[in-house]
Amino acid sequence: MRLRAGSFISAVPAPKYRGYWYNPMRMRQELEQAVARVVRDLFGVNMSVELTRPDEQFGDYAANVALQLAKRLGKNPREVADALAVKTRENLAETVREVSVAGPGFLNLTLSDEALAAALQAEPTRPWQGKTLVTEYSDPNPFKVLHVGHLYTSVVGDAISNLLERAGGTVHRVNFGGDVGLHVGKTMWAILQALGGEYPDKLAEIPEAERSEWMAENYVKGTQAYEENETAKAEIVAANKHVYKLFADNDHDSPFARVYWTCRQWSYDYFDAFYARIGTQFEKYYPESETAPVGLKTVQEQLEKGVFERSDGAVVFNGEKYGLHTRVFINGEGLPTYEAKDVGLSIKKWDDYRFDESIIITGNDIVEYMKVVLKAIEQFEPELAKRTVHLTHGNVKLAGGVKMSSRKGNFLRAVDVLDMVAAASREINPEVGDDAVLGAVKYAFLKQRIGADIIFDPKESVAIEGNSGPYLQYAHARARSVLARALGTPHTADALSSGTLEPDERSLLRKITEFTEVVERATSELMPHHICTYLYELAQKFNSFYEHNRVIGSGEREAARLALIHAYADILKRGLALLGIAAPDHM
RNA sequence: GCCCGCGUAGCUCAGCGGAUUAGAGUGUCUGGCUUCGAACCAGAAGGUCGCAGGUUCAAAUCCUGCCGCGGGUACCA
C-alpha cells in the first residue's frame, strides 16, 4: 500500500490513493485494531488497544499494552513488548516506519512520512450529526448591568456552541433573563425615587449614553434600601408585585408601566449593542415574564399531583427526599420564584425545539439549585430532565481575591474589560483592530479549563504576549504573509509525500495532524481550553520552524514548506474560529 | 453541621493512570533582526504536585481521612 496525501487547498479535488482505499480519518483506529490483532495472534488475548500521543522523541503513537499484559502473562513487560514490536513491525510495514520498545515496556510507533502527510486529510468526527441542541447562556437581567462575569459566560457559551455545531449539531443559542423579579422591584423603586414619582416623561432627561449606567446605579440604591430600610423594603416588594401585574393586565399605559417598559427596552438595547460588539448572536430571548406564567401554572398543576407541597404559605419541592435541598417555587406572595421561572423556561424550550440535548451554561454557584429544579421536572417530564445538562464555570475574580458583586456595586463592567484591553493593545499597535482586542479577551478566558474560578488581573489580562490570542493571530498573519509572497509557487500537499521530510518539517506536520484528535476531545468533554492549549503549542512549533528554516527560496524544499505552512495556517484559523476568535491575514 | 467544588514553580495555569529531567506563560537573568512580519526565537534559574494513609507493575492523576480556601444550605438570582 502506498499512501499519498492530496491537497488541502480547498479548490483541489479529493486525493487519490494508490492501492486499496485508505481512510486517513481512521488511521488511529486502524492502527489500534492492528496492534490488537498482534496481541491476539501472539498471546491469544483479546483486548482493546488505545494509542496515545507520546512525547515527540518517542514516536507518533504509543501503546502500553505490554505493561498491561505482562502481569497477566507472568512475563517481563520488555519481553512482551519486544515480541509485539517484531510482529507489529511486520504487519504495519506499509504505514509505520519504526516500531520500538522503550522505558518500562512502551510500544512506540513512528509513521512513515507519507502516512503522516495523508493524515492531513483527516476530519474530526461529527458525533452530533443530525441532532437538535439548545444552548442557553449569558442570561443577563434587564434592569441590571452586564459585568465581567457575563462577558466570561458569553464567551464560554459561544465556544461550546461552536464545538457542537462543528460536530454536526443544529444548535439553537438562547438567552434567559429576568425582566420581572425582586431585582426589578429594587431598580424600579429607586428609579421612581430618582424621578420623584411616577413621571415617565422625565426619563427623557437621561442621556442615551448614560442610561445603562444610570439603571445600574439605581439597582445598587434599591438593593441597599431593601437591606437597610423596612419601609423601603415593603415598597420594593409592592413594586415587584406591580411589575407582575403589568403583564397580567397587559398594562402599557399607566405611568408606572411607561417607566417600566421604557427602562426595560433600554436594557435590551444595551444588551444587543454589547452582544454585537463581542460577536455573539442569540436566536431567541426568553424573558422571565414569559416563562413565569408557564412555570407558575405548571407548578400549581403539579402541586395537585403531589410533586410539590405547601409549606409556610409557600409552594416547595421537597428535595430532601433525594438528598437535595428543599426549595421554594412559589413564594408566600403567590409569585413564582426563580425556580418556577426555570421550570417554565425548560418547558418552553422543550415545546419550541424538542431537542436531543439542552445545555445550560451558568456559573457554579447555582449547581445545587439546578439539581433541585431538574429533580422536580423529572417528576412530571422525565424525558426533558434527562436531556438537560447543566454545565458550570467558575466566577471571575479580581486579582487579590476580591469578589465582585453587582448587588454591592463593586464590580467590573463587561465593557470596562473590553475598553481596558483595547487601550493596552493600542499601546503596542496604534492601529490595532477589534479582532485583536476580542481575541485577547476571549482567549484569556477560554485558555483555562471550565469549572474553577478564574482570576482576572486587569493588568495581566491586558498583556498580549505569551500564551495569548494575539500571539496566535500574529502567528497566523505571519504565515499568511509568507504564503502571499509565494502566490505563484504551486504547493499542493503532494509535495509533502515526495521525498523525506526534514526533522523540523516533520515535527510541524506531526503537530498539525493532532488537530482532529484535539477537536474530538474538546467536543466530547465540552472543554474548549484543549483547543487553546493545542493551538498555542502549534503556533510555537510554527514560530520555531519559521525562525530556523528559510521557506521562500529554499530550493527543493520550498514547495513542501509552503504546503506545510498552508496547512498550518488553515488549521490555526479553524481552531480560532471554534473559539470565536478571528484570524485576520494582517495585523 | 451537612452537601458541592478547588488546592501543581513568586504569580497565572496545562497535565487528571504511565516513560530518564512534572510542562507552559509571566516575572528575573543571558543571547539573537543588513535576509520570508522580533507581537518572534534560543537559553538559564525556579516545584517534597496541601498533608497522611490506601489501591496498582505504575499515582500530580483513583479511593479514604485530615487541613486550607470558595460556593450552596426555603420564600434572592
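Excluded from the calculations below are hydrogen atoms, water molecules and symmetry mates; all remaining heavy atoms, backbone and side chain alike, are included. Every chain is numbered from 1, with letters handed out A, B, ... down the list of sequences. All of these numbers come straight from a predicted model, not from anything done at the bench.
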Just call it for [X]: base, sugar-phosphate, or nothing, with non-hydrogen atoms closer than 4.0 Å on any strand.
X	answer
A/Q57	base
A/R557	nothing
A/A314	base
A/N429	base
A/R485	sugar-phosphate
A/E333	nothing
A/N141	sugar-phosphate
A/N467	sugar-phosphate
A/A475	nothing
A/N549	base
A/L182	sugar-phosphate
A/Y536	sugar-phosphate

Checklist outcome for this item: side-chain contact (heavy atoms from CB on, under 4.5 Å) with A/V180: of A/N240, A/V243, A/N141, only one passes, and it is A/V243

Going by modelled atom types, is there a donor-acceptor pair between the base of [N] and the side chain of [X] at under 3.5 Å?
X	N	value
A/N108	B/A19	yes
A/D365	B/G72	no
A/E547	B/G32	yes
A/S311	B/A74	yes
A/E320	B/U73	no

Checklist entry - C1' atom, B/G47 versus B/A22: distance in rounded Å? => result 8 Å

Would you tell me whether [X] and [Y] have side-chain atoms, one donor and one acceptor, within less than 3.5 Å of each other?
X	Y	result
A/Q57	A/D55	yes
A/N467	A/Y443	yes
A/E333	A/Y244	no

Item to check | Check: A/Y546 main-chain N/O paired with A/R561 side-chain donor or acceptor under 3.5 Å | outcome: no

Next on the checklist: Reading RNA chain B from 5' onward, which residue's closest nucleotide shows up sooner: A/A436 or A/G103?
Outcome noted: A/G103

Item to check | Along RNA chain B (nearest heavy atom to each residue), the more 5'-positioned of A/F58 and A/G178 | outcome: A/F58

May I ask you to verify if any side-chain N or O of [X] is less than 4.0 angstrom from the OP1 or OP2 atom of [N]?
X	N	value
A/R478	B/A39	no
A/R449	B/C6	no
A/Q540	B/C40	no

Checklist entry - B/A39 P sits how many Å from A/R480 CZ, rounded? => result 19 Å

